[in-house]
Amino acid sequence: MESNVPNPNPELLTAKLLEADELMEDEEFHHLNNPADGIKPIVKKYLGTPNHAEQLGNKFYFTDGDASVEVVVVSSEIIRIRLAPHSVFLDDFSYAVPKLPGKRVEFTLFEDEKEYRVSTSAINCHIRKADFFISFSDKDSTVTSCDAAPMHWEENTQFGGYYVFCTKTCAEQESIFGLGDKATELNLRGKRLTNWNTDAYSFGFNQDPLYRAIPFYISVNQGIAHGIFFDNTFKAHFDFGAEDVTKTSFWADGGELQYYYIHGPHMMDVVKNYHLLTGTHPMPPLWALGYHQCRWSYYPENKVKVIANGFRQNRIPCDGIYLDIDYMDGYRCFTWSPKYFPNPKKMIAELASAGFKTVVIIDPGIRVDDNYWVFKEGKEKRYFCRRSDDYFMEGHVWPGRCQFPDFTNPEVREWWGDLFDDLVETGVAGVWNDMNEPAVFGSGTFPDDVRHQYDGFRGSHRKAHNVYGMQMVRATYEGLRKQMKNKRPFTITRAGYAGVQRYSSVWTGDNVASWEHLKLGNIQLQRLSMSGISFCGTDIGGFSGEPDGELFTRWIQMGTFSPFMRAHSAGDTKEREPWSFGEPYTSINRTFIELRYRLLPYLYSAFWEHHRYGFPILRPVVMQEQDIMANHFRQDEFTYGDKILICPVLESGQQSRKVYLPKGKWYNWWSLELVEGGQEVVVQTPLDIIPIFVKAGSVIPEYPVMQYINEREIDEVKLNIFYSDYEVNSFVFEDYGETFAYEQDIYLEKKFVVKGTADKLTIQQSLEGLYTPRYDGYHIKVNGLPFMPARVVADGINIATITSNPDKTYEFKFSKNFKQIEIFK
Ligand code: GLC
């Protein structure tokens with residue numbers, strides 16, 4: 001096969017030198033080269049030419065005589081590249097990828113005078129003999145990713161190891177997505193960004209870095225997508241054509257140059273394969289998908305009860321209620337303030353009997369206090385982080401002077417997990433992990449020289465910083481899981497690294513009550529979803545500052561379609577409950593929160609599709625139609641699961657707005673009007689409406705409105721069926737909603753197929769699985785029928801009672817086990 005890799009650049013050497021010069025001028029590296037800092041100038045080294053190739057199972061090694069490159073065939077679509085400057089590879093350990101997928105893959109190694117080529121059924125990895133450029137191409141020999149310089153490195157004379165660099169070409173039309181929670185446009189082309197977990201209180205547009213480090217991006221060029229996952233936990237940098245429009249570079253301040261090339265060709269394939277490497281969210285307890293109310297802080301106990309009563313009195317559904325740091329005794333984790341919460345067990349039980357699940361905050365900073373059992377235990381067991389010279393890492397956070405557990409030590413994680421036994425016994429249902437970037441007042445975070453156990457692979461804080469928060473919430477999650485027996489724990493975290501989704505949901509941190517932040521939140525959640533973190537939400541209303549009723553309501557409307565829905569606000573702000581702004585806001589907020597609860601079975605099914613099959617829950621329209629260039633710049637509208645399209649209202653006073661609908665037919669959720677997609681439409685957006693569209697042919701399941709999950713037994717589920725003249729599949733997942741029985745395959749997957757003609761609509765259902773829901777029947781509502789139904793036959797039985805509504809919808813009831821329903825003209 002002829003390869004499409006561009007010919008070696010005759011001016012390669014000059015280019016290399018020029019590039020080295022450019023990066024030397026770069027601020028990031030300036031100190032490395034500034035003799036005034038007393039550090040020797042650093043020489044950048046490049047791979048030479050590969051002169052030897054060796055194969056060991058699915059691993060290939062190429063060397064230039066000194067440095068080596070490892071190429072691992074992970075799957076047909078995924079290849080991992082590693083660089084070892086002097087051919088000594090580090091131990092193969094990653095917090096993001098606990099285990100490489102173990103599927104057997106077919107691959108071949110080919111060699112000619114120009115290149116070595118490792119090929120699977122889907123992709124080729126080319127190693128060019130002239131200059132060690134590495135590139136990837138697909139089955140059709142289209143080059144999708146290509147080095148613009150050989151991989152390179154600089155020795156780090158201060159800490160040891162290397163600064164490692166990879167530079168690839170960036171095509172004219174190439175767009176870039178992903179990278180977690182960056183506070184900027186959805187398309188990252190033209191940006192330079194850094195990954196270093198940072199407590200970014202009231203962050204601004206374009207502020208970087210923020211709370212999480214997700215070194216995974218998706219490129220789309222000429223309609224073909226691929227992903228790069230740079231699994232390096234050190235401070236890492238990405239330049240997507242910012243410095244040089246023709247180049248994408250990523251580099252890190254230490255560790256190995258190790259990245260995964262993940263092939264598409266669709267963005268969805270890339271995201272699914274990224275999930276294959278780093279995992280998905282476990283199924284949450286169903287209540288965690290309900291509405292959550294939070295504030296810094298609801299205290300004392302009576303205030304918590306007043307808020308809880310407020311929900312029930314106002315008939316606004318709510319499942320989660322949060323206790324921020326003031327529930328603790330002097331901000332000491334795992335304690336209760338005897339003054340404000342004298343009897344937490346009783347309070348939590350009372351809340352639980354009214355349907356509220358109590359979630360408490362926990363911080364990593366442990367107060368230095370010999371009379372405090374957590375500190376004493378941690379000190380005795382030597383579980384707190386230490387500096388390079390063995391002094392304890394100390395810093396000030398909420399409780400004052402603190403030390404910090406080393407969550408990268410498995411023994412410390414186990415200890416931490418066990419510390420939750422009292423909280424679980426007290427009735428706590430979820431744990432909110434905060435300040436785990438880790439944040440330290442004054443200095444920002446730990447100094448670089450702090451040592452970490454790193455699961456036996458040792459490292460300084462430079463290496464452990466970005467995973468610290470993830471390992472904290474992992475410890476929390478695993479501890480809760482152990483103590484809650486078969487019940488699903490709920491966790492939320494602020495900081496994280498790739499793979500954090502295996503342990504927790506995420507919120508976007510301390511945002512601001514402004515329209516700009518509403519917009520930003522919308523982008524951040526789509527981006528997080530594409531970057532492995534589907535269970536995400538913003539602080540509804542904005543953490544700092546004061547929203548007015550309109551902004552709060554618009555935020556509730558967007559939050560209705562955030563996988564995680566929680567209102568939260570800083571302590572110095574006014575009351576911020578869904579009824580705090582009076583009418584008409586209270587009623588609109590109620591309607592939307594009710595809608596959240598009505599659509600819970602739909603969200604839960606989308607969650608299952610995420611958990612089991614690796615689909616993101618929120619999908620920007622570029623994920624539906626990546627071959628349309630204009631979609632690379634759309635960032636307002638997204639689909640929620642694969643059937644419902646949402647476009648939040650993001651501006652004050654906006655009475656109508658444009659919405660782009662991908663190709664196909666869509667129903668306006670409110671008016672049931674059928675609209676042709678593939679175009680922008682204008683939608684009226686009075687305060688009580690945001691654009692919601694449903695794909696023709698969908699079956700959308702709906703629960704009755706309840707004030708909280710399991711308020712009462714569900715006696716029937718509504719199926720909203722939307723007529724389509726082409727065949728459409730829908731999917732519904734059901735199970736117990738709170739246990740791990742799904743891991744033993746106890747669940748039910750329902751598949752619906754809807755197909756209409758001019759005189760007939762057929763709906764088929766097939767069921768698979770071991771779970772049996774307790775309700776008996778469906779309340780079926782058919783929307784958009786182009787004819788008056790003369791006859792409805794379900795599994796051969798004529799349905800006698802059909803309600804015809806003024807809006808030309810038809811309703812009837814039938815058994816939940818039906819196989820086929822036919823509606824005849
Ligand atoms: C941090 C958190 C915020 C919390 C506050 C007090 O700022 O991001 O959500 O309310 O700390 O615990």
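Remember, it's 1-based here, ligands and their atoms both numbered in the order they're listed.
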Can you give me every donor-acceptor pair (side chain of residues 282-290, partner residue at least two apart or in another chain, under 3.5 Å) with its distance?
none

For ligand 1, what are the residues with a heavy-atom contact below 4.0 Å?
-> W296, D324, I325, I361, W398, W432, D434, R494, W507, D510, F543, H568
Which residue pairs pass the salt bridge (Lys or Arg N to Asp or Glu O under 4.0 Å) test with at least one member in residues 395-408, sequence neighbours excluded?
-> E394-R401
Kindly say whether the aromatic ring centers of W507 and F564 come within a distance under 6.0 Å.
-> no
Are Y298 and Y327 close enough that their ring centers fall under 6.0 Å?
-> no
Is the ring centre of H461 less than 6.0 Å from the ring centre of F446?
-> yes
Residue pairs fulfilling salt bridge (Lys or Arg N to Asp or Glu O under 4.0 Å) with at least one residue in residues 297-309, sequence neighbours excluded = E301-K305, K303-E575, K305-E350
